[in-house]
There are 2 protein chains.
Amino acid sequence: MSKAIVGTSTPQVTAREKVMGRAQYAGDIKLPGMLHAKVLRSPHPHARIVGIDTSAARALPGVKLVVTGHDVPARNWGPHRKEQRILACGVVRHVGEEVAAVVAVSDEVARDALDLIRVEYEPLPALLTPAAALAEGAPELHAGTRNIGHEMRIERGDVEAGFAGAAAVYEATYDMHSQYPGYLEPMASVAAQDGNGRLTLWASTQSVFLARMRLAEALDRPVSTIRVVQATTGGGFGAKIVEENNSLICAFLASRLDRPVRLVNNRLEDFQGARASVPMTVWLRMGLSADGMIVAKDVRITAECGAYSGLAGDVMHVTAMRSDNMHCLQNVRSHAVLAYTNNPPRGAFRGFGGQQMLFPLNCHLTVLAGMLGIDPIEVHKRNAIPAGATSVHGWKISSTGMVECLEMTRKAIGWDQKRAASNSAARGTVTRRRGVGIAAAMHVSGNRTLGNWDGSTILLKLNEDGRVMLQTSECDMGQGANTMLSQICAQELGIPLSHVTVMVPDTDTAPFCLGSLASRVTIIAGNAALRAAREARQKLLALAAEKLGADPEQLVIADGRISVPGQPDKSATLAEIARLHIFRHGGEGIHVRATYDAPTVMHDDNYYGNVAPSHSFAAQAVEVEVDTCTGQVTVIDSFVADDCGKAINPLAVHGQTHGATVQAIGWTLYENLHYEEGRLMNGNFADYTMPTADAVPMLRTDVVESNDPNGPYGAKGASETAILPGAAAIANAVFDAVGVRIQSLPITPEKVLAGLRALQQEEADHA
Amino acid sequence: MSKAIVGTSTPQVTAREKVMGRAQYAGDIKLPGMLHAKVLRSPHPHARIVGIDTSAARALPGVKLVVTGHDVPARNWGPHRKEQRILACGVVRHVGEEVAAVVAVSDEVARDALDLIRVEYEPLPALLTPAAALAEGAPELHAGTRNIGHEMRIERGDVEAGFAGAAAVYEATYDMHSQYPGYLEPMASVAAQDGNGRLTLWASTQSVFLARMRLAEALDRPVSTIRVVQATTGGGFGAKIVEENNSLICAFLASRLDRPVRLVNNRLEDFQGARASVPMTVWLRMGLSADGMIVAKDVRITAECGAYSGLAGDVMHVTAMRSDNMHCLQNVRSHAVLAYTNNPPRGAFRGFGGQQMLFPLNCHLTVLAGMLGIDPIEVHKRNAIPAGATSVHGWKISSTGMVECLEMTRKAIGWDQKRAASNSAARGTVTRRRGVGIAAAMHVSGNRTLGNWDGSTILLKLNEDGRVMLQTSECDMGQGANTMLSQICAQELGIPLSHVTVMVPDTDTAPFCLGSLASRVTIIAGNAALRAAREARQKLLALAAEKLGADPEQLVIADGRISVPGQPDKSATLAEIARLHIFRHGGEGIHVRATYDAPTVMHDDNYYGNVAPSHSFAAQAVEVEVDTCTGQVTVIDSFVADDCGKAINPLAVHGQTHGATVQAIGWTLYENLHYEEGRLMNGNFADYTMPTADAVPMLRTDVVESNDPNGPYGAKGASETAILPGAAAIANAVFDAVGVRIQSLPITPEKVLAGLRALQQEEADHA
């Protein structure tokens with residue numbers, strides 16, 4: 001079989017309609033009689049709603065409906081804790097919380113009507129830091145919680161004995177801020193009820209079935225009365241899984257009015273409404289033996305979920321333990337607490353908590369390596385978990401290319417030469433100092449924690465022209481899922497990529513799927529697609545063999561024909577065989593359903609168990625230039641080696657890696673949600689400074705293909721891993737350049753300058 | 001298992017949105033940027049197109065596109081003979097043929113633009129009757145055809161020997177006219193291409209897959225680049241299978257412009273564009289033995305397809321042989337010729353040619369019964385084919401309720417009393433004479449002639465709330481298919497009808513199906529639904545048994561729960577089990593695909609073979625009143641007994657029977673497409689007089705449940721059979737009332753008066 005399609009760089013199958021401007025994002029959808037909604041948000045971080053006067057808004061010509069918390073179903077929803085309503089009822093817990101919604105004939109009228117709603121608030125004391133929230137006697141934001149959204153403790157081995165035997169021990173506290181997802185398309189929804197009372201939601205989403213489940217819960221109606229269709233989705237990065245409120249409000253309004261309603265966030269609304277990543281403070285203490293082996297790790301995490309917990313507890317869970325699985329560890333301890341505050345709720349974000357530990361860990365390892373006089377890459381390599389091993393938390397490492405990633409990165413960045421050069425250069429003699437830093441990371445490909453299933457079902461239908469329709473409800477939100485699935489299918493069936501159509505995820509017709517999260521789609525849905533395509537191929541060949549009087553083993557599929565090589569008379573078109581599958585006695589078109597469920601387990605009550613079928617690894621090295629006059633840090637070179645198992649579409653893998661690298665640079669150096677008294681002050685792209693093209697170097701990446709036995713063609717996830725090492729690589733490089741160790745993100749010029757001044761002071765003190 | 005749902009009269013599941021005015025017919029669809037099309041039609045029955053000047057039309061503000069035959073794909077299409085283009089090229093062959101199309105910003109502008117198109121025609125001699133078309137030396141409308149669209153000869157047994165042994169022989173010629181389908185919704189389409197170049201057609205259709213196949217052929221593109229979605233369909237009656245041109249033109253325009261286009265026939269356009277039924281002249285000679293057994297039948301059919309043959313050959317095929325299978329015959333001969341003329345093309349229509357033979361046959365049998373002094377019901381009964389028999393054409397009669405239908409009808413109409421009374425009443429003493437007539441009929445349920453498959457595939461998905469989504473591409477066009485499928489599914493799964501949602505037929509997502517024709521949906525799709533529901537039930541019970549520690553045989557499903565009777569602790573909700581099917585190791589939601597292919601064969605070259613898995617039978621008796629002053633015939637009582645095997649939804653069966661009865665009354669007494677020189681003169685509902693409520697009596701029907709072994713719950717088709725006997729029953733009743741035998745439809749007052757005058761003349765001559 002030709003391997004020409006899988007493994008070949010392929011423009012995305014969704015590209016044409018996007019570059020032509022014809023893709024239908026939710027905001028582009030126009031339905032007859034469609035109305036427009038806007039949402040009124042709380043200006044207070046914490047307040048009692050004393051009263052809402054909507055009469056003036058309702059009286060405005062063009063206004064069709066004004067609703068408040070009194071109108072929404074009296075049923076709390078939430079992915080874990082049931083603590084939210086569609087609109088705030090009685091109390092607001094963060095600035096930006098949805099208080100009322102207006103539906104009108106236009107966006108403009110709806111916006112004007114918002115100004116006419118009078119809400120009387122009685123401000124309550126706001127808890128704006130985890131420290132305040134967790135302080136003895138702090139008022140509870142949610143009754144009975146002591147402001148703790150989630151708490152977990154894990155201990156394995158003998159941590160104290162480990163430290164006792166360590167040759168070097170280092171402890172430090174790292175502060176990590178929240179990052180806005182920054183997708184190009186703000187959250188948008190259109191909802192409409194049909195004449196049978198069924199509700200359809202078209203939304204920008206990463207999971208149509210989780211969206212449907214959540215709608216059913218929040219709207220208090222059976223899932224079967226709801227249909228969710230994915231609109232073209234302009235990025236999700238975790239924020240469009242199940243935590244946004246836009247689609248709930250939109251669907252509620254459409255069902256109340258029984259008319260189509262459109263609700264599209266503008267950028268400010270999206271900054272206010274979208275869940276940014278979970279900020280955390282991590283105290284980390286690690287001990288290494290003299291030969292660089294990690295002998296003990298102790299960690300304390302304070303994470304902040306803001307006003308509602310959502311998925312933040314799951315994120316914290318990842319921070320508390322995932323990185324432990326990339327090394328051969330025995331003695332580890334984590335204690336993690338998720339604090340409610342009156343800041344906006346935080347949640348899922350690309351990397352899903354991984355970066356919040358990989359920043360501390362990689363900084364720590366570089367520091368400890370320095371203490372022991374060992375190259376940090378060497379430390380990583382010595383500790384790296386090998387394929388076939390079971391990690392301290394029970395994870396089975398089916399493949400790993402971490403060592404190869406580290407080696408590739410070392411060479412690519414010129415590690416040995418540059419480290420030697422930077423170490424030998426006299427500090428302070430030039431105003432622009434360069435340094436290199438490295439970090440490594442791992443991520444899951446799939447995750448069996450969403451309810452004891454990590455499967456995917458693909459429907460494959462062969463049309464009468466021999467072309468293929470693929471149906472899944474895993475969502476392509478720009479990452480290339482549809483291209484990957486098309487490639488696998490085309491590869492297996494021996495047809496051109498253009499002969500595969502991947503249908504839009506639609507809960508009515510598609511099989512149940514969990515959606516695009518946990519870097520699961522390539523391995524989970526890819527395996528399902530592989531099975532489906534192989535079964536379809538088998539069916540095709542079996543009937544072709546019967547028709548042609550040949551052995552199925554002899555047959556090849558190429559150029560739209562099935563034939564016996566060397567026997568020109570024994571040949572039929574794919575279309576002929578496809579039709580013959582229908583038009584014969586007992587016929588049935590080729591319509592294959594294939595499911596793959598990962599060979600994993602739910603972790604036990606002690607968080608032990610192999611939850612993912614495979615794991616991606618990455619290493620990143622950067623070279624930075626630090627302007628010692630201004631404190632400005634510039635990344636002047638970056639190389640990421642990504643062990644994605646097998647690059648089904650190298651172009652897409654590189655694209656994902658580039659994007660993740662930039663997002664990591666943004667988190668580390670530039671982006672910063674700025675709040676004053678709980679109020680976001682920079683909710684726009686002018687003031688929230690995501691990296692622009694001139695802020696990043698020409699990015700370099702390559703892949704390591706570790707060929708995972710569980711992956712389709714050996715492939716694993718290739719999207720999230722690359723965001724994980726960036727912050728530590730940069731912090732390590734800054735230290736390498738100027739000797740300043742920054743442990744609080746973002747690494748601002750002010751912090752660098754302060755560090756430099758402290759160093760100068762120290763040197764002066766020593767002089 | 002409770003039998004409460006199947007067999008219980010049930011309002012249609014599609015009723016709510018229809019009575020609320022919210023069903024989306026194709027004409028209701030509004031897409032952003034949608035344009036409106038209109039079609040210019042030929043005013044000549046036959047002409048050469050010398051030139052078309054579209055410049056003025058194109059210059060009209062608001063006009064976006066004007067196309068003619070030069071612009072359409074140079075590829076002929078047709079269900080059998082490839083003889084049509086999307087727009088006429090070079091020559092027009094009937095009045096109303098599509099010559100040009102305009103797309104504009106509104107219907108009004110498009111209509112105005114039509115007036116600006118100048119077509120120069122060179123009129124050609126028009127062949128307006130089959131006699132003219134088949135005359136020696138007549139010019140050929142399609143080269144090489146001798147104006148014969150189809151011809152068939154069948155002969156079995158020894159017809160001449162049969163006649164030689166007959167005690168009574170009768171021959172006569174019957175003329176039957178064409179009937180407009182008269183659905184409430186004229187043909188309508190909306191088409192649009194998406195950003196990937198795929199074309200979607202929303203149309204009023206009986207078969208989305210046949211529509212897609214035809215579009216692909218006419219537009220010369222692969223089926224996979226086309227998606228056909230059924231819009232709510234307001235009746236089809238055969239005319240919306242594959243013969244309408246509206247959807248082809250609409251789709252062509254949308255693909256040319258790459259913008260959404262709407263093309264909706266108004267009633268006149270629909271009269272001009274829709275295929276009405278095939279007019280035929282049938283010469284019939286039959287011989288009966290002294291005891292009333294049919295010993296010979298000889299028939300010659302001249303059918304007229306008009307300008308293009310479409311499905312008219314298949315219709316004629318039915319006329320030529322189907323009715324032979326309802327009796328125990330041995331000696332039959334048919335010769336049938338389909339003539340091209342310059343009248344509008346004719347095609348599929350409810351009954352599909354059955355009525356064109358059942359009118360002659362039933363009239364003949366009453367005449368011959370009279371000649372032998374036997375009650376015509378008795379003649380039918382004596383000749384009726386029994387269950388288990390194989391007919392003269394190789395049809396296997398799996399069930400028949402014809403004798404019961406006849407007996408039920410006899411009683412219901414008061415046959416014996418009224419026959420005695422009318423026979424004893426002196427003719428000519430009163431001006432309003434009453435008479436009764438009877439006729440019997442058979443029809444197929446399914447038909448394996450569309451390519452050696454008469455199957456249907458149903459997809460059944462159980463949602464996480466324990467409710468069901470059914471997917472099929474058999475089309476509900478008002479007849480109640482969705483209700484029937486929902487009933488079967490709800491019955492088998494023990495859930496309320498409201499917990500079943502039947503999805504809209506969509507070629508992208510639904511399995512290949514042939515669609516709603518040949519009364520096949522109840523038996524074919526019904527069986528597939530039954531299989532799917534039973535498989536789903538089995539899966540549910542198996543897992544429930546595992547979970548509850550019970551034997552699957554013990555379990556019952558009721559009120560949304562699966563439980564062991566008498567053991568209250570052994571119980572789980574359907575929703576729980578549905579979710580458990582997903583969320584477990586190796587899980588996969590319940591997603592069943594089931595196919596049923598009828599146990600039938602394609603007929604051989606000699607038209608012999610069992611093409612249908614079962615057959616419906618019906619008998620109808622009417623009482624008429626004939627006004628001897630005006631000749632007006634009024635049906636004052638009608639009773640139809642319908643052997644539909646099993647009435648899954650008695651309400652729907654009665655509805656179908658009522659509708660068919662009215663349509664038969666219309667054909668027999670009122671409706672009449674009036675042409676002058678090939679031009680339709682009464683293309684509107686004021687002048688084309690379909691029966692209104694005051695033209696029909698309070699209709700009476702009942703069902704005979706013959707319990708077909710091949711049918712789901714014993715059910716067979718229940719829609720077309722009831723249209724078949726009406727004309728003969730009325731003609732026989734008219735004869736019974738006034739002694740006038742009308743053999744040319746419609747039975748107009750003029751014909752009755754002429755017959756009465758001839759009778760008077762005859763009496764006078766005898767006096």
Side-chain angles (χ1 to χ4, degrees), chain A residues 13-14 16-18 20-24 28-33 194-198 209 213 216 222-225 450-453 455 457 459 461 463-469 471 499 501 503 506-512 575 579 582-589 591 593 595 597 599 601, chain B residues 13-14 16-18 20-24 28-33 194-198 209 213 216 222-225 450-453 455 457 459 461 463-469 471 499 501 503 506-512 575 579 582-589 591 593 595 597 599 601:
Chain A
V13 297
T14 56
R16 185 178 182 274
E17 62 173 9
K18 286 179 180 168
M20 302 284 283
R22 295 194 50 182
Q24 290 282 301
D28 297 325
I29 294 170
K30 289 186 184 67
L31 300 178
D194 68 18
N196 292 314
R198 295 189 78 232
F209 275 98
M213 203 179 280
V223 292
S224 293
T225 67
L450 275 153
N452 199 17
W453 191 63
T457 300
L459 303 182
K461 185 167 69 134
N463 275 331
E464 307 97 273
D465 55 5
R467 302 185 181 204
V468 166
M469 307 298 289
Q471 204 177 4
H499 286 196
T501 299
M503 278 172 275
D506 177 337
T507 56
D508 267 11
T509 57
F512 184 90
R579 280 195 296 267
I582 300 170
F583 293 106
R584 61 189 173 121
H585 274 98
E588 181 184 60
H591 200 120
R593 183 183 70 251
T595 296
D597 182 25
V601 296
Chain B
V13 296
T14 56
R16 186 178 181 274
E17 61 173 10
K18 287 179 179 167
M20 301 285 283
R22 294 197 48 183
Q24 290 283 300
D28 296 325
I29 294 171
K30 289 187 184 67
L31 300 179
D194 67 19
N196 292 314
R198 296 188 78 233
F209 275 97
M213 203 179 281
V223 291
S224 293
T225 67
L450 274 153
N452 199 18
W453 191 62
T457 301
L459 304 182
K461 183 166 70 132
N463 275 331
E464 308 98 272
D465 55 5
R467 302 185 181 203
V468 166
M469 307 298 289
Q471 204 176 2
H499 286 197
T501 300
M503 278 172 276
D506 178 336
T507 56
D508 267 11
T509 56
F512 183 92
R579 280 196 296 268
I582 300 171
F583 292 107
R584 61 186 174 122
H585 274 99
E588 181 185 60
H591 202 119
R593 183 184 69 251
T595 297
D597 182 26
V601 296

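Letters go in sequence order (proteins before strands), and every chain restarts at 1.
- Residue B:Asp597 touches chain A through its side chain alone, counting heavy-atom pairs closer than 4.5 Å.
- Heavy-atom pairs under 4.5 Å with chain B peak, among A:Asn196, A:Leu31, A:Val13, at A:Asn196.
- Using a 4.5 Å cut-off on side-chain heavy atoms (C-beta onward), A:Val601 and B:His585 make contact.
- Proximity to chain B (any heavy atom under 4.5 Å) is shown, for A:Ala216, by neither the backbone nor the side chain.
- For chain A, the nearby part of B:Gln471 is the side chain; its heavy atoms alone come within less than 4.5 Å.
- Of the two parts of B:Arg198, only the side chain, counted from C-beta on, holds a non-hydrogen atom closer than 4.5 Å to a non-hydrogen atom of chain A.
- The candidate with the highest count of non-hydrogen atom pairs below 4.5 Å against chain B, out of A:Ile29, A:Asp194, A:Asp28, is A:Asp194.
- Taking 4.5 Å as the limit, some side-chain heavy atom of B:Glu464 sits within range of a side-chain heavy atom of A:Phe512.
- Within the 4.5 angstrom heavy-atom criterion, only side-chain atoms of A:Thr501, from C-beta onward, approach chain B.
- Interface check for chain A: of the options B:Gly589, B:Pro599, B:Pro222, the most heavy-atom pairs under 4.5 Å are formed by B:Pro222.
- A search for side chain to side chain contact (heavy atoms under 4.5 Å, CB included) contacts involving A:His591 returns A:Lys461, B:Leu459, B:Pro511, B:Arg593, not counting sequence neighbours.
- Counting heavy atoms from C-beta outward, A:Asp508 and B:Met469 have side chains that approach closer than 4.5 Å.
- In this structure, chain A has a heavy atom under 4.5 Å from the side chain of B:Thr457, while its backbone stays farther away.
- Within the 4.5 Å cutoff, the side chain of B:Thr225 has heavy atoms near those of the A:Arg467 side chain.
- In this structure, A:Arg584 contributes its side chain and B:Asn452 its backbone to no donor-acceptor pair below 3.5 Å.
- Contact count against chain B (heavy-atom pairs under 4.5 Å) is highest for A:Ala510 among A:Ala575, A:Ala23, A:Ala510.
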